[in-house]
Protein chains: 2
Amino acid sequence: MACSVQLVARPKDPAVRTLLIERAAAMLRAREPITLRSLVAGTGVSTMAVYTHFDGMDGLWQALRQEGFTRLGARFTTVPESADPVRDLTTLCAAYLDHALTHPDLYRVMFDASVDLEDLPAADATLEHLVQAARRCQDAGRFRADVVPLDLAIQSWTVGHGLASLVATGPLPPETLGHGPVLLGALFTASGDDPDRCRASVERGWHHPAADDERPHPA
Amino acid sequence: MACSVQLVARPKDPAVRTLLIERAAAMLRAREPITLRSLVAGTGVSTMAVYTHFDGMDGLWQALRQEGFTRLGARFTTVPESADPVRDLTTLCAAYLDHALTHPDLYRVMFDASVDLEDLPAADATLEHLVQAARRCQDAGRFRADVVPLDLAIQSWTVGHGLASLVATGPLPPETLGHGPVLLGALFTASGDDPDRCRASVERGWHHPAADDERPHPA
DNA sequence: CTACATGCCATAACGCTGCTATGTTTAGCG
DNA sequence: CGCTAAACATAGCAGCGTTATGGCATGTAG
């Protein structure tokens, strides 16, 4: 497990950084406690690398948080645009929940600690996906004219995060996710969509064939 | 876990325990980092007290988590029953959010760490308040007959927790709470309530004069 | 080609954390 | 009164994140 890099000569900067983040994500997935020494153990790099690249463990957690939002954004990008924008908005919410529950530990890191206002842009970037989807719904005449896309995006995010958080942290069992279509359908219908049409769109968007959830990057 | 009965003669047992919990809650409110030595500093008791009463710091965090649910339950008890059950259900949700944002740090403790399955009953107890309120809504004929009170309670909890969590952890500003009536109204309307009547009930329940939020217990 | 300057990394140490081992005190009871 | 057991204080331990220091590589000017 010692040698993971093949080219010994390395410009040093970005390689070690991504290696540490990748390893931290792996340890998170394996539910191993992430400590400074256990993180660098086996990688050949020393504890100081964490300080040169992340300025300490707090910086590493923040980088890990941003990595979570980056992966979520990449996941969102794989969601195709169909002719039914309400379905697409639902698909985005379903992708959000799928991402949160496929990587529950990473998801917890994204929201556990107090957000340092450094990674708020990352959160906003992912929220922007929902905003655009909501805007397309409105442009298609599915929602009332007075519906603000940002508001609807926030409301959708609230529903998704509420479900994901309650399930990921433990209080509710995974079956709880079945309430997703009900909640989203209620929200979209209240926004002006036709009830029957909304139900059909949500149902299709919710059970959309999920694309592969990981980018093919890791070693 | 030897002592569970009260009359075994307990000279100093509960006093130190509640003192430590109270102090921990105070430090949490003051945003001071809670460490074993800083917790007992100034109290006159030693570090060992944490182990005799809570079996370590993990036990103290768990007790603090239960304390959060207990206070939330006490807060729910202060919500009076009116003639409008939908309004009451909304009031409960508003009380939930008020509790979460009046004590954001305590709220974070309640959901941050993985729930140890020891304090799940505490969460269920507070959820039960919502279940009963939902049942009264249905008994009053406001919701459809096929609406399961537990499901609606979970859905209401999801909305409340989604808002509370996103605001308490930082991603969204406090103004976001304004989406509460919209989300609850959408949910209740989708459950069968008359739209106009629902809007009125939710509006009244949301802006219900909030009772004092703390039980008069602390020293 | 040499000499300096810069940044990355490894080693060792510091202060703090939660925790445990040991001795002492106190309450309840035959 | 003497015994048992629980609660306490003290001291010490391994582990944590962090920092200070020195070696080594690279990039650039003379």
Side-chain angles (χ1 to χ4, degrees), chain A residues 1-25 27-28 30-65 105 109 112-114 116 118, chain B residues 1-25 27-28 30-65 105 109 112-114 116 118:
Chain A
M1 201 57 181
C3 49
S4 56
V5 287
Q6 298 180 347
L7 323 173
V8 197
R10 187 69 67 167
K12 304 158 191 175
D13 214 13
V16 177
R17 187 185 162 93
T18 61
L19 179 129
L20 286 176
I21 286 189
E22 216 72 51
R23 173 160 170 81
M27 295 179 67
L28 212 61
R31 286 188 157 68
E32 304 169 4
I34 295 185
T35 173
L36 173 64
R37 289 170 175 81
S38 70
L39 177 70
V40 300
T43 63
V45 305
S46 173
T47 62
M48 271 304 291
V50 178
Y51 286 83
T52 59
H53 290 288
F54 303 99
D55 198 47
M57 282 302 278
D58 284 358
L60 184 129
W61 287 111
Q62 178 178 332
L64 216 46
R65 212 149 40 220
D105 310 279
V109 172
D112 256 17
S114 66
D116 292 325
E118 303 292 334
Chain B
M1 310 319 160
C3 48
S4 56
V5 286
Q6 297 183 347
L7 43 130
V8 192
R10 190 161 17 178
K12 36 208 144 182
D13 216 9
V16 179
R17 187 185 161 92
T18 61
L19 178 132
L20 286 177
I21 286 189
E22 218 70 51
R23 171 157 172 82
M27 295 179 68
L28 213 60
R31 284 188 161 67
E32 303 169 5
I34 297 184
T35 175
L36 174 63
R37 287 172 174 83
S38 70
L39 177 69
V40 301
T43 63
V45 304
S46 173
T47 62
M48 273 304 291
V50 178
Y51 287 83
T52 59
H53 290 290
F54 302 100
D55 199 43
M57 283 302 276
D58 284 357
L60 182 128
W61 286 111
Q62 178 177 333
L64 215 47
R65 213 149 40 219
D105 310 277
V109 172
D112 254 16
S114 66
D116 290 327
E118 303 291 334

Return the CD1 to CG distance between A:Ile21 and A:Leu28, rounded to the nearest 0.5 Å. 12.0 Å
If every non-hydrogen atom of A:Thr47 is compared with every non-hydrogen atom of A:Arg37, which pair is closest and at what distance? CG2-CG, 4.4 Å
Under 4.0 angstrom, heavy atoms only, what part of the nucleic acid is A:Val45 near: base, sugar-phosphate, or nothing? sugar-phosphate
Quick check: does any side chain N or O of B:Arg23 sit under 3.5 Å from a backbone N or O of B:Ala41, one acting as donor and the other as acceptor? yes
In whole angstrom, give the distance that lies between atom CZ of B:Phe54 and atom C1' of D:dC8. 15 Å
Is B:Gly59 touching bases, backbone alone, or none of the nucleic acid, heavy atoms closer than 4.0 Å? nothing
Correct closest heavy-atom pair for B:Ala49 and B:Val16 would be CB-CG1, 4.2 Å
Closest heavy-atom contact between B:Leu60 and B:Ala24? CD2-CB, 4.3 Å
Quick tally for nucleotides 13-23 of chain D: nucleotides whose base has a protein heavy atom under 4.0 Å get B, sugar-phosphate-only ones S, the rest -, giving ---BBBBB---
Which of these, A:Leu39, A:Thr52, A:Val50, A:Val40, sits in a side-chain contact (heavy atoms from CB on, under 4.5 Å) with A:Val45? A:Val40
Between B:Thr52 and D:dC8, is there a side-chain N or O to OP1/OP2 distance below 4.0 Å? yes
To the nearest Å, give me how far apart CH2 (B:Trp61) and C1' (C:dG18) are. 13 Å
